[in-house]
Amino acid sequence: MQEKEKKMSMEKKLIIGVSGLCLLVMVIGVSYAYWATNVSQKSVNQITSDCLKLNIINESHTIRLDNAYPITDEEASLLEPYTFTLENTCNTVVDYNVNLEVMDAENRLSSEFIEFEVNNESHKKLNTYLVAKESYYTDEYQDHYTVAEKYEFAKGTLGAKQSTRYAIKLWMGQDVTLADDVMNKTFISKVTVTGALSKKDYSFDSLSVQETTPNSIKLNYQVSGNELDVVCHYGQVSGIYDQSCLNQTNNEWVLENLLPNTTYYYQVCINKNNEILECKSGSAKTLEESGLTETPTE
């Protein structure tokens, strides 16, 4: 009897102990829930990639010279150029390269007989241009050409939503003779472009001749970036810029007090903290004394 009572007492103590432990766990759980709080970020973390895209727009009619023959520089100045605008459609800064790629053709006319001019600058034989490291030609228009030669004639940087314009001319040089292998030949070429994301925090998008008179040359340029200085020099000898441009307005430099019917060579550079970042150069010829002005046609 006593053993039975003792056993019942032990069971009651065990039940009370377990009940007390459960109550303790409940109290701890309630206390933790009471003193802890959860919050979450109101906005989301977001990574959005930008685009990288270049377009060729505003293309003029292609160059087509049927029954071509050697012409003088004066005659070449009257030729209609092929013009196009290279446009950066995104918010990124893009480095670009532009090639003229010569396609293989039966009885192909050699590039040594072709004069090539870019943006009304001094022309030279096509085969003297820098040979491009790679071809950018694709068969997207299914013309099924094969690239035989490739020459890089322009490169630069385009800022976000910026564009730059090019005008090119091709013709048979005046020094070609009947003794040269040029009879019944074909020359086919295409402008090709590639672009890559730039690491620069600035862009020098374009430099072009906007207007010439007998005594002045007006240059237009596009530059974007912070704390940049734009300087301009010119001269009458290629590569020697010994005179400073003095008249500057928004995105323009005007070379004044020039001689009529004279070729001038110019260079425009962008500086930051007295360090030259990039320069572009070119040449233009003033008009003869006639009182007329000439604005390059689009």
Side-chain angles (χ1 to χ4, degrees), residues 52-60 62-65 68 76 79 81-90 92-159 162-173 176 182 185-200 203-208 238-239 267 277-283:
L52 177 63
K53 186 177 182 181
L54 291 174
N55 283 339
I56 294 181
I57 60 174
N58 299 330
E59 293 183 79
S60 67
T62 57
I63 296 173
R64 185 179 181 90
L65 299 178
L79 295 175
Y82 166 64
T83 61
F84 65 95
T85 299
L86 188 59
E87 177 189 49
N88 178 9
T89 64
C90 300
T92 51
V93 178
V94 176
D95 292 330
Y96 67 88
N97 298 74
V98 188
N99 289 354
L100 185 75
E101 306 204 14
V102 181
M103 305 303 166
D104 199 10
E106 187 177 358
N107 295 323
R108 175 164 52 92
L109 179 63
S110 174
S111 297
E112 66 178 301
F113 303 121
I114 299 296
E115 297 290 332
F116 187 45
E117 179 185 278
V118 182
N119 290 347
N120 294 316
E121 297 177 3
S122 299
H123 62 85
K124 58 183 181 180
K125 294 187 182 303
L126 179 58
N127 67 334
T128 64
Y129 277 79
L130 177 67
V131 176
K133 294 180 180 179
E134 59 182 296
S135 168
Y136 311 132
Y137 168 72
T138 62
D139 197 22
E140 60 181 310
Y141 301 112
Q142 298 183 357
D143 39 28
H144 307 307
Y145 287 121
T146 300
V147 176
E149 304 170 51
K150 49 190 182 296
Y151 300 97
E152 181 182 281
F153 69 86
K155 63 180 180 179
T157 303
L158 279 175
Q162 297 294 315
S163 62
T164 185
R165 178 181 177 275
Y166 287 97
I168 65 172
K169 291 181 180 180
L170 296 162
W171 69 92
M172 194 182 296
V176 175
V182 297
K185 301 290 184 178
T186 301
F187 182 86
I188 301 172
S189 65
K190 277 198 172 190
V191 170
T192 62
V193 182
T194 189
L197 187 66
S198 177
K199 297 180 181 180
K200 300 174 183 176
S203 66
F204 193 170
D205 298 329
S206 66
L207 174 65
S208 60
S238 178
Q267 182 181 67
L277 299 178
E278 188 174 340
C279 295
K280 291 183 182 292
S281 58
S283 64

A.B. asks: If you draw a 6.0 Å radius around NZ in Lys53, do more than 12 non-hydrogen atoms from other residues or ligands fall strictly inside?
C.D. replies: no
A.B. asks: Apply salt bridge (Lys or Arg N to Asp or Glu O under 4.0 Å) to Lys124 and list each qualifying residue two or more places apart in sequence or on a separate chain.
C.D. replies: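 In terms of salt bridge (Lys or Arg N to Asp or Glu O under 4.0 Å), with neighbours along the sequence ignored, Lys124 is linked to no residue.
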A.B. asks: Can you give me the closest heavy-atom contact between Glu87 and Leu158, atom names plus distance?
C.D. replies: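 Distance-wise, the nearest heavy atoms are C-CD1, 4.4 Å.
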A.B. asks: For a quick test of reading the model, state the closest non-hydrogen atom pair linking Glu134 to Asn99 and the distance between them.
C.D. replies: O-ND2, 3.1 Å
A.B. asks: Find the distance between CG (Leu109) and CG (Leu126) and round it off to the nearest 0.5 Å.
C.D. replies: 10.0 Å
A.B. asks: Checking Leu86 against Ile56 for the side chain to side chain contact (heavy atoms under 4.5 Å, CB included) test, could you report, in this order, the C-alpha distance in whole Å, the side-chain angles of both residues, the deciding distance, and whether it holds?
C.D. replies: CA-CA 5 Å; Leu86 188 59; Ile56 294 181; 4.2 Å; yes
A.B. asks: When rounded to the nearest 0.5 angstrom, what distance separates SG in Cys279 from CZ in Phe204?
C.D. replies: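 Going from SG on Cys279 over to CZ on Phe204, the span is 7.5 Å.
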A.B. asks: What closest approach, in Å, do Lys280 and Lys155 show between heavy atoms, and which atom pair accounts for it?
C.D. replies: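 So the two residues come closest at NZ-O, 4.0 Å.
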A.B. asks: About how many Å separate OG of Ser203 and CG of Asp95, when rounded to the nearest 0.5 Å?
C.D. replies: 10.0 Å
A.B. asks: Mind checking whether Val102 and Ile114 have side chains closer than 4.5 Å, heavy atoms only?
C.D. replies: no
A.B. asks: Would you say that Val118 contacts Tyr129 through its side chain, given a criterion of any heavy-atom pair below 4.5 Å between the two side chains?
C.D. replies: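 They are in contact (side-chain heavy atoms under 4.5 Å apart), so the answer is yes.
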A.B. asks: Quick one: are Ser111 and Phe187 in side-chain contact, heavy atoms under 4.5 Å?
C.D. replies: yes
A.B. asks: side-chain hydrogen bond (donor to acceptor under 3.5 Å, both in side chains) for Ser122 and Ser283? Distances and angles first, verdict last.
C.D. replies: CA-CA 7 Å; Ser122 299; Ser283 64; 3.3 Å; yes
A.B. asks: In Å, rounded to the nearest 0.5 Å, how long is the span from CD of Glu149 to OG of Ser189?
C.D. replies: 10.5 Å
A.B. asks: List for me each residue that meets side chain to side chain contact (heavy atoms under 4.5 Å, CB included) alongside Ser135, sequence neighbours excluded, and say none if there are none.
C.D. replies: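 For Ser135 the side chain to side chain contact (heavy atoms under 4.5 Å, CB included) partners, ignoring immediate neighbours, are Glu101, Tyr137, Val147, Lys150.
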A.B. asks: Minimum heavy-atom separation for Leu170 to Leu79, with atom names?
C.D. replies: O-CD1, 4.1 Å
A.B. asks: Could you give the distance from OH (Tyr96) to OG1 (Thr194), rounded to the nearest 0.5 Å?
C.D. replies: 12.5 Å
A.B. asks: Kindly indicate whether the side chain of Thr186, heavy atoms from C-beta on, has any atom under 4.5 Å from the side chain of Asn107.
C.D. replies: no
A.B. asks: Any idea which heavy atoms bring Met172 and Ala68 closest together, and the distance?
C.D. replies: CE-O, 4.1 Å
A.B. asks: Pair Asp139, Tyr145 - check side chain to side chain contact (heavy atoms under 4.5 Å, CB included), show working.
C.D. replies: CA-CA 7 Å; Asp139 197 22; Tyr145 287 121; over 6 Å; no
A.B. asks: Does the side chain of Phe153 reach to within under 4.5 Å of the side chain of Val98, using non-hydrogen atoms?
C.D. replies: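 Side-chain contact under 4.5 Å: yes.
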A.B. asks: For Arg108 and Lys185, which heavy atoms make the closest approach, and how far apart are they?
C.D. replies: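 Reported closest heavy-atom pair: O-CD, 4.0 Å.
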A.B. asks: Hey, is the main chain of Thr83 close enough, under 3.5 Å, to the side chain of Ser60 for a donor-acceptor pair?
C.D. replies: yes
A.B. asks: Counting C-beta onward and ignoring hydrogens, is there a side-chain heavy-atom pair between Asn119 and Ser208 closer than 4.5 Å?
C.D. replies: no
A.B. asks: Measuring from Thr128:OG1 to Phe116:CZ, what's the distance to the nearest 0.5 Å?
C.D. replies: 10.5 Å
A.B. asks: When Asn88 is tested against each of Val93, Leu54, Asn55 for side chain to side chain contact (heavy atoms under 4.5 Å, CB included), which residue passes?
C.D. replies: Leu54
A.B. asks: Are any non-hydrogen side-chain atoms of Asn58 and Arg165 less than 4.5 angstrom apart?
C.D. replies: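 The answer is no; the side chains never approach within 4.5 Å.
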